[in-house]
Asks: 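Once you've had a glance at the structure underneath, I'll fire off some questions.
It should be emphasised that the depicted structure is a prediction, and the values quoted were computed from it without experimental measurement. Heavy atoms only: backbone and side chains are in, while hydrogens, waters and symmetry mates are out. Throughout, residue positions are numbered sequentially from 1 according to the sequence presented.
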Amino acid sequence: MKETEAKTLSTDVYLSFVTSLFGNRGTLVTGMVVHVAWCLLVYSSTGSVFYIFMAIGFFGVNAYRMIGFHRFDRMDKRSLTREQIAGLETQYVVGAAGTALLLGISSGYALLVLQDTFAAFTCIAMTLGSMMSIVGRNYGSRHAVDVQTIGSCAPIMIACVLTGDLHLALMSLLLVPFGLTTRSMAKGVRDFLYENVTASREMTIIAGRFDTALTTVAHGLVMLDAEGRIEVINRQAQDFLRLGATEEVKDRDFLSVLREGAANISGAILQQIARLMDGTLSRGLFRFDNDLYLEFSASRRSDGGVVLVFEDVSARVAAEEKILHMVQFDALTGLPNRGHFGELAAEKLSGRGEELAALAVFNVDGFKHVNDVRGHVVGDRLLSAIAAKLSSLKADNMLTGRLVGDEFVVLLFGGNCSLDLERQIRQIHSQVQGDYHVEGLQLTVSMNSGCVILPSQDFGMENWQIKADLALNHAKSAGHGTLTVFREEMDAKYIEDQKLRADLRQAIDHHGLHVVYQPMYRPDGSGIDCCEALVRWRHPERGMVGPNIFIPMAEDMGLVSHITHQVIDQACRDCAAWPEPMAVSVNLSIQDLRNGDIVGYVADVLKRYSLEPARLHLEVTESCFMDEPVAVSAILNRFRATGVTIAIDDFGTGFSSLSYLDTLPLDIVKIDRAFIRNIGEDQRKLKLLRGIVHLSRELGLKIVVEGVETKEQLALINRHRFADLVQGYVFSMPVSVDKIIELAADSSSSAKLSSIRRGAKGAQNSPLRAAAR
């Protein structure tokens with residue numbers, strides 16, 4: 001240790017050095033006795049009273065030192081400051097210096113005053129002998145070594161010089177390297193002590209940190225030697241494995257300790273832990289009783305031992321199981337979802353060969369109406385009740401699940417007779433239907449269901465569900481809780497339907513659809529005010545495909561807005577060439593009205609063909625308002641603001657029709673053909689029609705009557721002034737744009753007017769015949 005380092009010693013190290021000075025009291029007492037006896041022996045030999053006083057001095061200095069030692073023993077060393085420790089060192093140095101100075105003076109007196117050979121020899125021998133103990137007792141204090149060395153040697157050297165003997169003086173100079181050697185030896189011992197104290201201190205700190213880490217870490221840790229015996233084990237490991245105290249298991253074989261003392265460890269787990277210990281396994285997750293999961297990892301040591309670290313991952317495993325359950329099971333009903341149901345079904349049917357299995361899809365008839373009228377909470381409770389009913393019917397050969405929305409799926413397996421499986425499916429279908437009590441309500445549930453029965457070896461969830469869905473579509477067509485079993489011709493129809501869908505997509509992409517127009521005449525036939533644009537599709541192989549087929553198909557495919565855009569563009573282009581103020585009417589679907597972009601598109605088309613907005617009529621069915629009243633009303637108001645005419649189509653076929661006449665931005669009411677059919681024979685229809693017309697006129701709305709097919713109907717409409725415009729076969733069927741121009745020209749001639757005015761009298765040049773030309 002460098003001298004400069006002594007000033008920067010930490011307080012605890014400094015205290016340990018000073019404490020070393022106050023140890024080994026027996027040598028001090030022995031030294032005092034020897035020194036007193038030595039002085040008395042010299043007195044006896046020389047008769048010099050001086051040595052009596054020296055003996056008293058040695059006794060007094062030793063008493064002073066022993067009192068200091070006693071006080072030191074009574075001190076609380078932990079509370080000592082650095083200054084107090086320095087004071088203790090000074091006190092010790094004073095006592096040690098006194099003893100050394102007495103030795104030096106005694107030796108110098110014998111050499112210089114007594115000049116007695118015996119006295120000089122014994123004094124110098126005693127002094128030098130005592131100096132040898134300086135290193136052993138006083139290495140902890142550099143000052144103690146220095147003052148004792150100087151105190152012992154300086155009087156002797158002075159006495160030798162004062163004798164005048166040159167040889168004796170030169171001999172005394174040899175005490176200088178002797179003193180320096182003593183000082184160096186003490187420094188070496190002190191440095192060694194410093195290094196060991198520092199190392200011990202660091203080891204204590206490291207050991208404390210290691211012990212803290214072992215105690216506070218959440219992981220269990222076990223260190224094993226090459227023989228598998230426990231070297232270190234922390235408290236967490238003991239708690240996890242329910243082992244005894246550390247002193248009870250240390251140095252014992254780990255596997256034996258587990259086998260004898262640990263609770264809830266099976267033989268299989270012990271085998272896996274043994275594999276971790278021998279290095280054949282690096283990680284392992286083991287389940288103990290009470291749902292305790294411990295995950296182990298093993299690290300090999302260079303000496304052949306192993307360190308096992310493990311933690312409680314029960315919460316993580318529980319969370320993973322919960323997530324897996326959420327992924328595999330429907331949150332509302334608790335039934336397996338479609339993906340997990342497919343996995344379970346494949347597992348159940350695996351290896352069953354040609355045994356038959358039945359897959360049935362159950363659909364709640366009219367469920368949307370329950371949601372709309374009763375609310376989604378009631379709808380969800382109803383689905384949960386249906387799921388509970390299905391679960392209560394569960395058998396060993398039955399698997400249930402929820403597909404999506406209001407569709408449930410049932411798998412029956414293990415049969416060899418298709419009729420028997422069909423009977424079981426129908427029995428389940430019958431049991432699930434009936435009355436359900438939900439939220440204080442009694443709801444009557446009927447199920448439309450589709451079923452497929454095939455060999456188990458052919459199972460494929462996607463393929464089987466497609467077949468069951470095809471059967472379900474047939475059941476929905478019949479309605480009223482029908483169950484339909486899949487037939488092969490349904491598959492052929494499905495393939496045909498898919499091909500038709502592909503052809504429709506291609507026809508839309510390549511503008512393969514065309515537009516025809518059905519004119520709307522004034523009731524007296526004096527002219528055409530508007531024409532309704534109707535889209536048609538001539539299939540290259542099937543011929544004309546009715547709009548009642550391809551329009552719902554386009555809606556299902558999400559393509560109906562593309563058709564609407566094409567029809568609007570074609571209708572506005574054609575209308576721009578017609579005589580003013582003749583208008584064109586185009587139907588909008590609910591899909592068109594879900595996106596406000598339709599407003600901008602219409603504005604662009606009108607601008608492109610320089611068509612007055614009022615000459616474009618946009619027709620919206622009542623069902624659009626029922627589905628999304630707020631969004632539809634907002635878009636219609638935007639249209640109304642641009643000057644486009646708004647008409648409600650098929651009026652009177654839905655619910656709450658009259659309220660729409662006042663709340664929506666309408667210009668025209670198109671009364672559905674259902675009010676015209678048999679109007680001459682049904683007085684109730686006549687009165688209802690009269691009421692609707694009266695209310696519409698009071699609200700300032702124009703009236704168009706659709707589906708007028710006979711002259712009798714036309715005459716009745718004219719007699720009661722039911723319409724501002726008439727649309728129907730009585731005047732014209734839907735025709736091409738060229739025919740519209742001809743009809744418009746014909747309707748303006750006097751011959752045409754005369755023909756129309758004769759009405760029911762059967763004039764030969766009727767507009768119907770004109771349309772047929």
Asks: Taking atom types as modelled, find out whether Thr621 and Asp649 have a side-chain donor-acceptor pair closer than 3.5 angstrom.
Replies: no

Asks: Looking at His694, I'd like to know if its NE2 atom is crowded, meaning that more than 12 non-hydrogen atoms belonging to other residues, nucleotides or ligands lie closer than 6.0 Å.
Replies: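 Counting neighbours around NE2 of His694, 12 or fewer heavy atoms of other residues, nucleotides or ligands fall under 6.0 Å, so no.
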
Asks: Run the side chain to side chain donor-acceptor pair (under 3.5 Å) test on Gln727 and Gln518 for me, step by step, so that the C-alpha distance in whole Å, both residues' side-chain angles and the decisive distance to 0.1 Å come before the verdict.
Replies: CA-CA 7 Å; Gln727 179 181 351; Gln518 187 170 30; 3.1 Å; yes

Asks: Taking Leu411 as the fixed residue, which of Asn397, Ile425, Leu399 is the one that meets the side chain to side chain contact (heavy atoms under 4.5 Å, CB included) rule?
Replies: Leu399

Asks: Under a 4.0 Å threshold between the charged nitrogen and the carboxylate oxygen, would Asp503 count as salt-bridged to Arg542?
Replies: no

Asks: What verdict does the salt bridge (Lys or Arg N to Asp or Glu O under 4.0 Å) test give for Lys368 and Asp406, after you've listed the backbone C-alpha separation in whole Å, the side-chain angles of each residue and the deciding distance to 0.1 Å?
Replies: CA-CA 9 Å; Lys368 184 178 184 302; Asp406 59 342; over 6 Å; no

Asks: Any chance you could lay out the side chain to side chain contact (heavy atoms under 4.5 Å, CB included) test for Phe459 and Arg352, step after step, and finish with the verdict?
Replies: CA-CA 10 Å; Phe459 176 76; Arg352 291 188 174 272; over 6 Å; no

Asks: If you define the side chain from C-beta out and look only at heavy atoms, does anything of Leu393 sit under 4.5 Å from Thr400?
Replies: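 Sidechains of Thr400 and Leu393: no contact.
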
Asks: Any heavy-atom pair between the side chains of His720 and Leu689 that's under 4.5 Å?
Replies: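 Of all side-chain heavy-atom pairs linking His720 with Leu689, none is under 4.5 Å.
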
Asks: Can any side-chain N or O of Trp537 pair as donor or acceptor with the backbone N or O of Ile551 at less than 3.5 Å?
Replies: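 Answer holds: no.
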
Asks: Keeping the roles fixed (side chain from Asp330, backbone from Asn337), state whether a donor-acceptor pair exists under 3.5 Å.
Replies: no

Asks: Does Arg697 pair with Asp724 as a salt bridge, N-O distance under 4.0 Å?
Replies: yes

Asks: Would you sort out whether Leu454 and Leu359 count as a side chain to side chain contact (heavy atoms under 4.5 Å, CB included), showing the intermediate values?
Replies: CA-CA 9 Å; Leu454 293 170; Leu359 181 76; over 6 Å; no

Asks: How about Glu347: does its CD atom have over 12 heavy atoms from other parts shown lying under 6.0 Å from it?
Replies: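 Count not over threshold, so no.
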
Asks: Answer whether the closest heavy-atom distance between the side chains of Ile671 and Phe722 falls below 4.5 Å.
Replies: no

Asks: With Glu619, which residues qualify under side chain to side chain donor-acceptor pair (under 3.5 Å), at least two apart?
Replies: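 Checked Glu619 against side chain to side chain donor-acceptor pair (under 3.5 Å); matches are Ser585, Lys670.
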
Asks: Is the shortest heavy-atom distance from the side chain of Val432 to the side chain of Val410 under 4.5 Å?
Replies: no

Asks: Above 12 or not: heavy atoms from other molecules or residues under 6.0 Å from CD of Glu354?
Replies: no

Asks: Crowded around Lys389 NZ? As in, over 12 foreign heavy atoms under 6.0 Å?
Replies: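 Counting neighbours around NZ of Lys389, more than 12 heavy atoms of other residues, nucleotides or ligands fall under 6.0 Å, so yes.
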
Asks: Would you give the length of the straight line joining atom CZ of Arg536 to atom CE of Met544, rounded to the nearest 0.5 angstrom?
Replies: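 Atom-to-atom, Arg536:CZ and Met544:CE are 6.5 Å apart.
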
Asks: If you look only at distance, which donor and acceptor atoms sit under 3.5 Å apart when one is on a side chain in residues 439-450 and the other is two or more places apart or in another chain?
Replies:
unit_1	atom_1	unit_2	atom_2	d
Glu439	OE2	Arg381	NE	3.3
Gln442	NE2	Asp435	OD2	3.3
Thr444	OG1	Asp435	OD1	2.7
Asn448	OD1	Gly481	N	3.1
Asn448	OD1	Thr482	N	3.2
Asn448	ND2	Asp365	OD1	3.4
Ser449	OG	His429	NE2	3.3

Asks: Are the side chains of Leu504 and Met553 in contact, using a 4.5 Å heavy-atom criterion?
Replies: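 SC-SC contact between Met553 and Leu504 confirmed.
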
Asks: Could you go through the side chain to side chain contact (heavy atoms under 4.5 Å, CB included) check for His340 and Phe329 one step at a time?
Replies: CA-CA 7 Å; His340 190 46; Phe329 291 85; 3.7 Å; yes

Asks: Quick one: closest heavy-atom pair of Ala533 and Asn587, and the distance?
Replies: O-ND2, 4.3 Å

Asks: Check side chain to side chain donor-acceptor pair (under 3.5 Å) between Ser430 and all other residues, then give those that pass, not counting sequence neighbours.
Replies: none

